[in-house]
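Note that the coordinates shown come from a computational prediction; the quantities given were computed from them, not determined experimentally.
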Amino acid sequence: MNVGNLVTMANQIADFFVSEAGVEAAPQEIASHITKFWDPRMRTQIIAHAAAGGAGLSAAALAAARQLQPPVVRTD
C-alpha cells in the first residue's frame with residue numbers, strides 16, 4: 001500500500017484517539033488499534049516509515065508507530 005495512504009489513515013486514527021483518550025493516552029490506543037486491525041504488511045510499512053523519520057505523521061501517530069512491534073512471521 002502507498003505509504004501516503006497509511007500516513008493519512010494513521011493520522012485519522014490519531015485524531016480520533018486524541019479527542020477520545022487525550023494526548024498522553026492516545027499513542028497506546030492508536031498502536032493497539034493498528035495492531036488489531038491493520039494487515040501485517042501495513043504495520044511493517046508504517047513502522048519502517050516511522051523509523052525513517054515519519055514524515056507527515058502527527059505527533060501522536062508517530063509515537064504510536066514507534067511503539068509498534070514488527071509482525072511475527074511463522075515459519076512452521
Side-chain angles (χ1 to χ4, degrees):
M1 177 173 256
N2 179 301
V3 75
N5 291 340
L6 295 177
V7 167
T8 298
M9 291 190 316
N11 285 338
Q12 290 171 338
I13 294 164
D15 289 344
F16 173 78
F17 283 111
V18 166
S19 70
E20 290 294 312
V23 174
E24 292 197 19
Q28 180 59 41
E29 297 293 329
I30 299 160
S32 177
H33 178 89
I34 289 172
T35 299
K36 288 178 188 173
F37 298 109
W38 283 24
D39 181 274
R41 294 168 293 184
M42 294 165 65
R43 289 197 317 266
T44 298
Q45 282 183 282
I46 204 70
I47 290 167
H49 183 69
L57 287 170
S58 68
L62 180 59
R66 290 183 172 156
Q67 291 181 18
L68 294 170
Q69 299 297 313
V72 174
V73 178
R74 296 184 62 170
T75 58
D76 55 330

Rounded at 0.5 Å granularity, tell me how far [atom1] in [X] sits from [atom2] in [Y].
X	Y	atom1	atom2	answer
Leu68	Ile47	CG	CD1	5.0 Å
Met1	Thr44	CE	OG1	13.5 Å
Asp39	Gln45	CG	CD	9.0 Å
Ile30	Thr35	CD1	OG1	11.5 Å

Are Val23 and Leu57 grouped together when hydrophobic residues (ILVMFWY) are joined by side-chain heavy atoms under 4.5 angstrom apart? no
Consider only side-chain heavy atoms of I, L, V, M, F, W and Y, link residues closer than 4.5 Å, and tell whether Ile46 and Val18 are in one cluster. no
For residues [X] and [Y], determine if any side-chain heavy atom of one lies less than 4.5 Å from a side-chain heavy atom of the other.
X	Y	answer
Phe37	Ile13	no
Arg66	Leu62	yes
Val7	His49	yes

Would you name the heavy atoms of Gly56 and Asn11 that are closest together and state the gap between them? O-ND2, 2.8 Å
If every non-hydrogen atom of Ser58 is compared with every non-hydrogen atom of Ala14, which pair is closest and at what distance? OG-CB, 3.7 Å
Taking side-chain hydrogen bond (donor to acceptor under 3.5 Å, both in side chains) as the cut-off, I'd like each qualifying pair that reaches into residues 13-34, sequence neighbours left out, listed once. none
